[in-house]
Student: 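Let me give you the structure first, and then I'll get to my questions.
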Amino acid sequence: MANSLELRSLGNTGLKLSCVGFGASPLGSVFGPVSDEQAIATVREAFRLGINFFDTSPFYGGTLSEKVLGKALKTVGVPRNEYIVSTKCGRYKEGFDFSAERVTKSIDESLERLQMEYVDIFQCHDIEFGSLDQIINETIPALQKLKEAGKIRFIGITGLPLGIFSYVLDRVPPGTVDVILSYCHYGIIDTTLEDLLPYLKSKGVGVISASPLSMGLLTESGPPEWHPASPELKAACQAAVAFCKKKGKDISKLAMQYSLCNKDISTILVGMRSVEQVQVNVAAATELANCDKDQQTLAEVEEILKPVKNQTWPSGI
Ligand code: NAD
């Protein structure tokens with residue numbers, strides 16, 4: 001069973017990521033409480049089923065996600081060079097700060113919480129909330145120094161509006177930004193990341209697409225209270241979830257399979273907090289390798305979601 005998950009190259013980094021990535025924001029209890037025991041069992045199952053990529057941030061659960069992920073990784077005990085960890089900087093419970101001084105301090109804090117000597121990918125978190133020119137002129141050069149110091153291996157940027165990525169990538173020397181992380185833009189509801197993929201490929205930048213379930217919209221338990229979608233989008237998703245349930249289909253699995261089909265995206269980062277969720281999401285990928293996705297249900301769900309196709313929400317300043 002182990003390592004049956006497809007590995008995909010991440011841009012020019014040389015890293016090979018499992019096509020299902022482990023989003024650790026739920027380990028910060030942001031979608032409901034998660035005990036340390038549950039987190040450890042979830043991470044152990046992820047390794048057992050071939051997941052090798054884990055993403056967190058000091059922002060998730062106000063540093064709790066990093067602490068719990070670090071503890072779980074240590075407890076499970078897989079050698080450090082057999083998995084890939086990304087964390088972020090610039091976004092904190094207290095607010096945003098992309099200054100060189102803050103992000104330089106941030107890596108040391110994250111490494112301590114994660115109980116690691118280095119992280120593989122260090123990303124500027126939700127840059128649309130900062131000044132993009134500061135990201136280009138101050139934050140990324142600071143991250144390059146951390147790379148030279150061996151504390152991080154690769155540099156990334158994350159955020160919601162897609163225009164931020166080309167703004168930055170057009171203004172930094174080639175090879176400076178290794179990875180972008182986009183979220184909620186490649187799934188059944190919204191596919192707008194697709195238009196940017198040829199550009200990212202031409203730059204050799206690796207692509208991580210997060211939130212295939214649109215942060216809970218495409219789940220039977222529904223989105224958390226803080227979810228920023230409009231009431232119209234939430235209602236349409238609720239209708240799609242109810243439709244699938246009545247038909248005996250799992251909308252989350254369908255959504256995972258939809259997102260996994262595009263191989264120009266290296267990994268689909270899904271937030272997980274239980275052994276069962278790991279099993280379902282990995283099965284979504286392994287079954288897809290053998291057979292086609294459920295085209296009929298997909299077409300029916302797409303029809304329900306048609307009025308809200310590509311609808312997003314404001315983010316940033
Ligand atoms: P998601 O779309 O992955 O949804 C997560 C929710 O779905 C959680 O409540 C989870 O428990 C539930 N879930 C997972 N698998 C399920 C299944 N098979 N059936 C039913 N429910 C299931 O949203 P997310 O967690 O926000 O995104 C994934 C990860 O991507 C995050 O944990 C984070 O690591 C990363 N991310 C980064 C950014 C950023 O950098 N700006 C933004 C969003 C997400």
Side-chain angles (χ1 to χ4, degrees), residues 20-34 38-39 42 45-46 49 51 53-61 64-66 68-69 84-91 96 121-130 156-162 164-165 179-190 193 208-229 237 241 244-245 249-260 265 267-285 287 312-313 315-316:
V20 177
F22 190 109
S25 71
L27 302 191
S29 291
V30 302
F31 291 94
V34 177
Q38 190 177 335
T42 308
E45 187 67 358
L49 296 181
I51 291 177
F53 175 50
F54 298 83
D55 176 76
T56 182
S57 164
F59 176 64
Y60 301 147
L64 186 62
S65 168
E66 283 191 332
V68 173
L69 179 65
I84 296 152
V85 172
S86 75
T87 191
K88 312 193 183 82
C89 61
R91 180 167 201 176
F96 291 87
I121 309 170
F122 197 45
Q123 310 180 88
C124 306
H125 195 172
D126 291 343
I127 59 173
E128 69 270 28
F129 287 93
I157 50 177
T158 87
L160 185 70
L162 292 166
I164 57 174
F165 298 119
V179 179
I180 67 111
L181 184 159
S182 160
Y183 69 101
C184 293
H185 286 311
Y186 196 79
I188 301 182
I189 304 169
D190 180 333
L193 175 63
I208 298 169
S209 179
S211 310
L213 312 179
S214 278
M215 305 190 302
L217 284 177
L218 300 175
T219 63
E220 283 188 11
S221 42
E225 200 162 331
W226 50 260
H227 201 292
C237 291
V241 170
C244 285
K245 198 171 179 187
K249 301 284 182 180
D250 179 352
I251 194 159
S252 302
K253 183 175 169 186
L254 191 71
M256 275 302 290
Q257 293 193 324
Y258 184 95
S259 298
L260 282 161
I265 296 170
T267 189
I268 299 299
L269 199 48
V270 57
M272 294 187 274
R273 58 179 168 139
S274 69
V275 167
E276 194 206 342
Q277 285 180 355
V278 172
Q279 290 169 347
V280 171
N281 293 328
V282 170
E287 284 171 28
T312 182
W313 46 85
S315 180

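Just follow the structure's listing: the first ligand is 1, and inside any ligand the first atom is 1.
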Student: At under 4.0 Å between heavy atoms, is it the side chain or the backbone of L269 that contacts ligand 1, or both, or neither?
Tutor: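 For L269, backbone and side-chain atoms both sit under 4.0 Å from ligand 1.
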Student: When you measure from atom 12 (C) of ligand 1 to every protein heavy atom, which one gives the shortest distance, and what is it?
Tutor: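 Here the nearest protein heavy atom works out to Q277 NE2, 3.7 Å.
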Student: Would you tell me which option among S211, C184, S209 has the nearest heavy-atom contact to atom 24 (P) of ligand 1?
Tutor: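 Considering heavy atoms of S211, C184, S209, the nearest to atom 24 (P) of ligand 1 sits in S211.
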Student: Just distances here: any N/O of D126 and N/O of ligand 1 closer than 3.5 Å?
Tutor: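 D126 vs ligand 1: N/O contact under 3.5 Å present.
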Student: N/O to N/O below 3.5 Å, does that happen between L213 and ligand 1?
Tutor: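 Yes, L213 has an N/O under 3.5 Å of an N/O on ligand 1.
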Student: Will you find, in the side chains of S252 and E220, an N or O donor that is under 3.5 Å from an N or O acceptor?
Tutor: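 Their side chains do not contain a donor-acceptor pair, so the 3.5 Å distance test is not met.
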Student: Return yes or no for this condition: an N or O of S25 is under 3.5 Å from an N or O of ligand 1.
Tutor: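 There is such a contact, yes.
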Student: Is there a donor-acceptor pair under 3.5 Å between the side chain of S182 and the backbone N or O of H185?
Tutor: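 No.
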Student: Has H125 got a side-chain atom pairing as donor or acceptor with T158's backbone, closer than 3.5 angstrom?
Tutor: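 Absent.
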Student: Please list, in number order, the atoms of ligand 1 under 4.0 Å from a heavy atom of R273.
Tutor: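 Near R273, the atoms of ligand 1 are 11 (O).
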Student: Report yes if some heavy atom in the side chain of L27 is under 4.5 Å from a heavy atom in the side chain of L64; otherwise report no.
Tutor: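 Of all side-chain heavy-atom pairs linking L64 with L27, none is under 4.5 Å.
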Student: Looking only at side-chain N and O atoms, does S315 offer a donor or acceptor that is under 3.5 Å from a partner on E128?
Tutor: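 Per modelled atom types, E128 and S315 side chains form a pair under 3.5 Å.
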Student: Could you check atom 10 (C) of ligand 1 against the protein and tell me its nearest heavy-atom contact, residue, atom and distance included?
Tutor: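 Nearest neighbour among protein heavy atoms for atom 10 (C) of ligand 1, to 0.1 Å: G271 O, 3.3 Å.
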Student: Do the numbers put R91 on top of the ring of F96, so that NZ or CZ is under 6.0 Å from the six-membered ring centre and no more than 45° off the axis?
Tutor: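 No; the conditions do not both hold, so R91 does not lie above the ring face of F96.
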Student: Any side-chain heavy atom of S86 within less than 4.5 Å of one from T56?
Tutor: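 Contact flag for S86/T56 side chains = no.
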Student: Would a distance-only check, ignoring hydrogens and angles, find a side-chain to backbone donor-acceptor pair under 3.5 Å from K253 to V280?
Tutor: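 Such a contact is absent between K253 side chain and V280 backbone.
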Student: Should the proximity of S214 to ligand 1, defined as any heavy atom under 4.0 Å, be assigned to the side chain, the backbone, both, or neither?
Tutor: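 Only the backbone of S214 comes within reach of ligand 1.
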Student: Taking both backbone and side-chain atoms of P26, is any N or O found less than 3.5 Å from an N or O belonging to ligand 1?
Tutor: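 By distance alone, the answer is no.
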Student: In ligand 1, which numbered atoms sit nearer than 4.0 Å to a non-hydrogen atom of Y60?
Tutor: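 The atoms of ligand 1 under 4.0 Å from a heavy atom of Y60 are 33 (C), 34 (O), 35 (C), 36 (N), 37 (C), 38 (C), 39 (C), 40 (O).
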Student: Does a side-chain N-to-carboxylate-O contact under 4.0 Å join K88 and D126?
Tutor: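 Result for this pair is no, no salt bridge flagged.
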Student: Any atoms of ligand 1 less than 4.0 Å from a non-hydrogen atom of A24? List them with their elements.
Tutor: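 So the atoms of ligand 1 that pass are 32 (O), 34 (O).
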Student: Please determine if R273 forms a cation-pi arrangement with F31, meaning its NZ or CZ atom is less than 6.0 Å from the six-membered ring centre and no more than 45° off the ring axis.
Tutor: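 No, R273 does not lie over the aromatic ring of F31.
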Student: How close do G61 and V30 get, heavy atom to heavy atom, and via which atoms?
Tutor: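 Where G61 meets V30 most closely, the heavy atoms are N-CG1, 3.5 Å.
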Student: Is it true that a side-chain atom of S214 and a backbone atom of L217 form a donor plus acceptor pair closer than 3.5 Å?
Tutor: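 Side chain of S214 to backbone of L217, a donor-acceptor pair under 3.5 Å: no, none is there.
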Student: Does K88 approach ligand 1 within less than 4.0 angstrom via side chain, backbone, both or neither, non-hydrogen atoms only?
Tutor: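 The answer is the side chain.
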Student: Out of N281, I251, V282, indicate the one that has the non-hydrogen atom closest to atom 18 (N) of ligand 1.
Tutor: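 Closest candidate by heavy-atom distance is N281.
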Student: Below a 4.0 angstrom heavy-atom separation, can you tell me which part of H125, side chain or backbone, both or neither, approaches ligand 1?
Tutor: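 The answer is the side chain.
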Student: Of the side chain and backbone of V280, name the one, both, or neither that has a heavy atom under 4.0 Å from an atom of ligand 1.
Tutor: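 For V280, the contact with ligand 1 is made by the side chain alone.
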Student: Residue-level breakdown please: for S252 versus ligand 1, do any non-hydrogen atoms fall below 4.0 Å on the side chain, on the backbone, on both, or on neither?
Tutor: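 The answer is the side chain of S252.
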Student: I want to confirm something. Looking only at heavy atoms, which of D250, L217, D55 is nearest to atom 34 (O) of ligand 1?
Tutor: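 Answer by nearest heavy atom: D55.
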Student: What protein heavy atom sits nearest atom 21 (N) of ligand 1, and how far away is it?
Tutor: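 The closest one turns out to be T219 CG2, 3.4 Å.
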Student: If you measure every N or O of T158 against every N or O of ligand 1, does any of those distances drop under 3.5 Å?
Tutor: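 Yes, at least one N or O pair falls under 3.5 Å.
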Student: Could you list which atoms of ligand 1 come closer than 4.0 Å to a heavy atom of A210?
Tutor: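 In order of numbering, the contacting atoms are 30 (O), 35 (C), 36 (N), 44 (C).
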Student: Enumerate the atoms of ligand 1 whose separation from the nearest heavy atom of G23 is less than 4.0 angstrom.
Tutor: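 By the 4.0 Å cutoff, the relevant atoms are 29 (C), 31 (C), 32 (O), 34 (O).
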Student: Considering only heavy atoms from C-beta outward, does the side chain of I157 approach that of I164 to under 4.5 Å?
Tutor: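 The answer is no; the side chains never approach within 4.5 Å.
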Student: Report yes or no: does S65 contribute a side-chain atom to a donor-acceptor pair with the main-chain N or O of A24 at less than 3.5 Å?
Tutor: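 Side chain of S65 to backbone of A24: a pair is present.
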Student: With backbone taken as N, CA, C and O and side chain as the heavy atoms from C-beta onward, which portion of S57 lies under 4.0 Å from ligand 1: side chain, backbone, both, or neither?
Tutor: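 Contact part for S57 vs ligand 1: neither.
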Student: So if I count the atoms of ligand 1 from 1 in the order they appear, which ones are less than 4.0 Å from some heavy atom of L181?
Tutor: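 Per the distance check, 37 (C), 38 (C), 39 (C), 40 (O).
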Student: How far does CD of Q123 sit from CD1 of I208, to the nearest 0.5 angstrom?
Tutor: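 One finds 5.0 Å between CD of Q123 and CD1 of I208.
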Student: When only distance counts, is M215 in polar contact with ligand 1, meaning an N/O pair under 3.5 Å?
Tutor: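 Yes, since at least one N or O of M215 sits under 3.5 Å from an N or O of ligand 1.
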Student: Can you list the ligand 1 atoms lying under 4.0 Å from a non-hydrogen atom of G216?
Tutor: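 Here the atoms of ligand 1 in question are 4 (O).
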